[in-house]
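These notes concern the structure reproduced below.
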Amino acid sequence: MAIRYETQILLLIFSIVITLHFNAYKVAGLNMTCNEKERNALLSFKHGLADPSNRLSSWSDEQDCCRWLGVQCNNITGRVVELNLSTPLDSPYMELSGELSSSLLELKSLIRLDLSLNYFVNTQIPSFLGSMKGLRYLDLSLSGFMGLIPHQLRNLSNLQHLNIGYNYAIQIDNLNWISRLSSLEYLDLSGVDLHKEVDWLQVLSALPSLSELHLENCQISNLRPPKGKTNFTYLQVLDLSNNNLNQEIPSWISNLSTTLVQLDLRSNFLQGEIPQIMSSLQNIKILDLQGNQLRGELPDSLGQLKHLEVLDLSNNTITCPIPSSFANLSSLRTLNLGHNQLNGTIPKSFGFLKNLQVLNLGGNSLTGGMPLTLGLLSNLVTLDLSSNLLEGSIKETNLLKLSKLKELRLSSTNLFLSVNSSWVPHFQLEYVLLSSCGVGPEFPAWLKTQSSLKVLTMSKAGISDLAPRWFWNWTLQIEFLDLSNNLISGDLSNIFLNSSIINLSSNLFKGRLPSVTANVEVLNIANNSISGPISPFLCERMNATNKLTVLDVSNNVLSGDLSHCWVHWQALMHLNLGRNNLSGEIPNSIGYLSGLESLLLDNNGFSGYIPSSLQNCSMLKFIDIGNNQFSGTLPAWMWEMQYLMVLRLRSNQLKGSITQKMCQLSSLIVLDLANNSMSGSIPNCLDNMKTMAGEDDFFANPLKYSYGFGFNYDNYRESLVLVPKGDELEYRDNLILVRMIDLSSNNLSGAIPLEISKLSALRFLNLSRNSLSGEIPKDMGNMKLLESLDLSLNHISGEIPQSLSDVSFLSFLNLSYNNLSGRIPTSTQLQSFEALSYTGNPELCGPPVTNNCTSREELLGSAFDGHADGDFFDTSDFYMGMGVGFAAGFWGVCSVIFFNRTCRHAYFHFLDHLKDLIYVNLVLKARRLCA
């Protein structure tokens with residue numbers, strides 16, 4: 001017992017000594033300053049950097065380096081163990097740049113180095129980093145490094161985390177050096193081009209400790225392991241998104257069944273069906289296969305993934321009903337099956353997915369109604385059923401327990417929101433998208449209860465009601481408001497609008513233009529009954545610089561002039577005041593709109609000259625001032641607007657000539673100068689207009705303005721009224737496909753230039769009602785896409801070119817009232833038009849006109865045109881002539897015999913004599929044979 005007691009006393013004394021010793025070290029650590037050598041090394045490193053935001057202001061001789069920004073020291077030794085100079089995501093324009101000094105090698109105890117999110121452009125990853133063998137964490141991502149990844153990094157045998165992702169032009173010549181990093185647990189090479197590394201899978205799978213691999217956007221096209229089995233012993237996260245994978249999902253994925261937690265194969269070209277082996281990934285939590293080419297049916301076995309939290313199969317071509325087994329995914333938080341070809345009904349069993357927060361079934365072919373069970377998903381935040389064939393009413397009970405709902409998308413369905421006018425929802429929505437969905441006819445009163453709403457779209461919602469008084473004040477909180485294409489009425493005179501995007505077009509609104517705050521970016525009130533002058537709106541003072549980018553008040557009844565207040569609207573890019581009752585001149589202050597891209601003032605009463613200040617709007621792509629009373633000479637500077645795509649000046653009083661400079665407009669798709677007093681000849685350089693010659697390559701519509709962020713809102717598109725085939729047609733969505741030249745009803749003279757035949761993309765050409773002469777260019781048939789050709793009421797002579805018979809899309813043709821001659825070329829196309837298309841050309845012959853081509857020269861001409869092999873007559877013409885000749889000869893002989901008695905007797909006497917002669921000869925020959 002005494003020995004045990006003594007032992008306890010000794011242990012107590014020993015513990016007291018250890019505690020005192022530790023506390024002494026702790027106190028010493030509190031007073032520990034950084035190593036002088038390391039402090040100088042850090043100052044040398046700072047000296048090589050450019051720091052425009054002065055982030056490293058604390059790095060000075062006056063402070064302990066362990067207290068500098070981004071520096072962390074060991075509390076006991078005072079040595080620098082961590083250097084974090086990553087730019088904060090919420091602090092843009094604070095990036096470091098410059099050179100990385102090798103003085104960092106003095107930091108012998110450095111474990112963690114983070115230089116991500118900086119701007120080291122034109123700088124290679126320094127090879128000296130490979131000598132910092134104590135590093136366990138190295139992050140150089142998103143910093144603009146260029147050149148080859150240095151192989152010296154293979155010496156970092158203790159490295160556990162390596163991120164070199166998303167630099168500008170980082171390159172790698174082989175991956176073998178990575179196999180030396182035996183301690184690596186995290187690897188991110190996203191953005192590095194690996195398309196030549198055919199054995200990437202074998203090399204990386206050999207890393208014994210790897211648990212997270214990110215190879216997004218690496219140009220990888222092969223998922224097949226080159227040799228034997230693929231090992232990824234501890235792999236939990238595999239990200240191969242945004243690559244060029246174009247095969248089926250490989251079977252080796254099942255080798256990861258016990259470890260894999262996240263699999264991201266989105267935005268590839270994966271094909272085939274989703275294999276059954278996916279159900280073997282029993283620990284998978286995130287499965288993302290969106291944006292591929294997967295097809296077929298969804299396997300029922302996916303319902304066995306009991307740990308699955310996120311399942312995204314959107315944007316594929318999966319064709320089947322939704323499996324009912326999906327109701328077994330009890331851990332599911334996000335289910336995105338949008339934009340496939342799913343059919344059938346929404347399973348009622350979805351009501352069992354109690355943890356579901358996001359349900360996206362939009363863009364499919366689902367039928368039936370919205371199940372009542374969806375209203376039981378109390379954790380649901382986003383519900384998207386848009387763009388389906390769903391029908392039926394949605395009542396309060398369908399939305400009963402959706403208290404957390406923030407986003408409701410029912411657009412483009414046949415669903416009808418049928419709720420009581422006094423209904424108070426349990427949710428507070430932020431996004432409501434009900435366009436092309438039944439909402440009306442009454443204005444939805446329940447919206448008044450939604451105090452957090454940011455986006456409201458109810459276009460084509462069947463509302464035919466007066467906008468309630470509370471509504472306009474309520475909209476002050478809304479960022480995006482679209483009520484277009486309804487029958488909503490009300491007076492906007494005293495309304496105050498604050499939303500960034502406002503579309504009230506195609507309704508029954510009246511009164512004066514509403515007031516707007518500086519926050520408004522897009523205001524579209526086209527196709528209403530807004531009246532009064534526009535000056536009060538334009539000249540209203542604002543406390544801040546306004547952001548208005550799009551102003552469309554077209555097709556209303558505005559009056560008065562444009563005022564001189566354009567200096568306040570310099571953010572405008574699209575201005576459409578067409579089809580109103582505006583008058584006066586365009587003020588010189590319009591030149592302040594230097595960023596203007598489209599100007600539409602058509603169908604008003606404007607007069608005077610086109611102001612020279614408009615040339616300051618050098619970004620203009622779209623000019624439509626047609627159907628006004630503008631006069632004077634067409635300004636020469638207009639031909640120098642290099643971005644111009646649409647120029648419509650028709651129906652004014654403009655004069656002057658079309659100069660050679662017009663051909664500089666290489667992007668022009670519509671040139672409409674019709675019904676003016678233009679003179680001179682058509683320039684012979686038309687082949688320089690590259691867009692009309694088919695040398696353009698449009699993948700997007702440059703005549704539209706995209707607005708809204710985070711959601712796929714409709715875009716504001718310019719519209720244009722053209723007269724391509726004699727009738728006015730409005731082009732909007734398909735305007736970018738139009739290629740048109742209309743110079744009709746002017747005083748143009750001279751010949752049609754031969755170069756016009758090189759405009760192979762031209763669809764509509766109208767040169768009628770001028771004084772053009774000469775012949776139609778022989779190669780006009782090269783304009784294969786031509787749909788409408790009008791050369792009427794000119795002095796054009798010669799023959800119609802044979803090549804025109806090859807223009808198969810031609811649906812409108814008018815060559816009337818010229819001096820054309822010769823045979824109309826034979827073709828299905830040219831003969832399909834009525835004779836009115838050729839009338840007024842007396843020398844024309846052949847179908848469909850009544851003049852026959854009977855002269856020998858025309859016959860020879862048509863014969864040689866029709867037969868290049870030397871045959872003189874067309875075979876069909878020969879047999880037709882032979883038949884007519886036989887009938888004429890036969891009936892000519894018969895008529896003589898019938899009406900002339902002497903001839904008739906002589907004819908029958910000749911027949912009797914011939915009969916006797918034949919009889920005697922036959923008898924004599926028979927007797928000779930018998931003898």
Side-chain angles (χ1 to χ4, degrees), residues 725-726 744 750-760 762 764-888:
K725 302 178 182 180
S744 61
I752 301 174
L754 300 177
E755 290 77 9
I756 203 169
S757 301
K758 297 181 181 180
L759 303 183
S760 58
L762 198 66
F764 310 110
L765 176 60
N766 190 347
L767 304 178
S768 64
R769 299 178 184 272
N770 281 287
S771 299
L772 298 173
S773 56
E775 297 184 351
I776 301 175
K778 299 295 183 184
D779 295 329
M780 190 164 273
N782 293 336
M783 305 166 74
K784 301 295 185 182
L785 298 180
L786 203 62
E787 299 178 28
S788 173
L789 175 61
D790 192 344
L791 304 178
S792 62
L793 292 155
N794 280 287
H795 307 300
I796 302 172
S797 57
E799 297 183 349
I800 300 175
Q802 179 68 34
S803 64
L804 272 182
S805 61
D806 298 328
V807 184
S808 55
F809 287 104
L810 199 63
S811 59
F812 180 89
L813 176 67
N814 192 351
L815 303 178
S816 63
Y817 298 101
N818 279 287
N819 298 320
L820 297 171
S821 58
R823 177 185 290 274
I824 298 174
T826 303
S827 74
T828 305
Q829 203 70 20
L830 296 182
Q831 268 65 48
S832 66
F833 299 108
E834 298 181 358
L836 289 175
S837 296
Y838 305 97
T839 192
N841 295 282
E843 298 299 320
L844 276 180
C845 62
V849 302
T850 56
N851 293 347
N852 291 322
C853 302
T854 56
S855 68
R856 185 173 183 273
E857 291 78 11
E858 291 170 338
L859 190 59
L860 286 172
S862 63
F864 281 114
D865 286 340
H867 293 273
D869 59 359
D871 291 342
F872 192 75
F873 290 107
D874 186 78
T875 305
S876 60
D877 291 342
F878 172 76
Y879 285 111
M880 186 182 296
M882 185 178 69
V884 173
F886 174 81

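Keep in mind that what you see is a predicted model, and the values were worked out from it rather than measured.
- Ile756 and Leu767 get closest at one heavy-atom pair: CD1-CD1, 4.4 Å.
- The shortest side-chain heavy-atom distance between Leu772 and Leu791 does not fall under the 4.5 Å cut-off.
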Do Leu789 and Phe812 pass the side chain to side chain contact (heavy atoms under 4.5 Å, CB included) test, and can you show the C-alpha distance, the side-chain angles, and the key distance before you say yes or no?
-> CA-CA 6 Å; Leu789 175 61; Phe812 180 89; over 6 Å; no
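- Judged by distance alone, with hydrogens and angles left aside, the side-chain atoms of Asn851 form a donor-acceptor pair with the main-chain N or O of Pro842 at under 3.5 Å.
- Taking all atoms of both residues into account, the shortest heavy-atom contact from Leu820 to Ser797 is CD2-O, 3.8 Å.
- Without hydrogens or angle criteria, Ser811 side chain to Glu787 main chain gives a donor-acceptor distance under 3.5 Å.
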Kindly indicate, with the supporting measurements, whether the criterion side chain to side chain contact (heavy atoms under 4.5 Å, CB included) is fulfilled by Ile796 and Ile776.
-> CA-CA 7 Å; Ile796 302 172; Ile776 301 175; 3.8 Å; yes
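- Asn770 places a side-chain N or O within donor-acceptor distance of the main-chain N or O of Ser768, the cut-off being under 3.5 Å.
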Using the side chain to side chain contact (heavy atoms under 4.5 Å, CB included) rule, take Ile824 and Leu844 through it: C-alpha gap first, then chi angles, then the decisive distance, then the call.
-> CA-CA 7 Å; Ile824 298 174; Leu844 276 180; 4.2 Å; yes
Given the rule in the side chain to side chain contact (heavy atoms under 4.5 Å, CB included) test, do Leu813 and Tyr838 qualify, once you have shown the distances and angles that lead to the verdict?
-> CA-CA 9 Å; Leu813 176 67; Tyr838 305 97; 3.6 Å; yes
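- A 6.0 Å sphere centred on CZ of Phe833 holds more than 12 heavy atoms belonging to other residues, nucleotides or ligands.
- Residues Pro825 and Ser827 are not in side-chain contact: their nearest non-hydrogen atoms beyond the backbone lie 4.5 Å or more apart.
- Minimum heavy-atom separation, Ser803 to Lys778: OG-O, 2.6 Å.
- When every heavy atom of Met783 is checked against every heavy atom of Leu762, the shortest pair comes out as CE-CD2, 3.5 Å.
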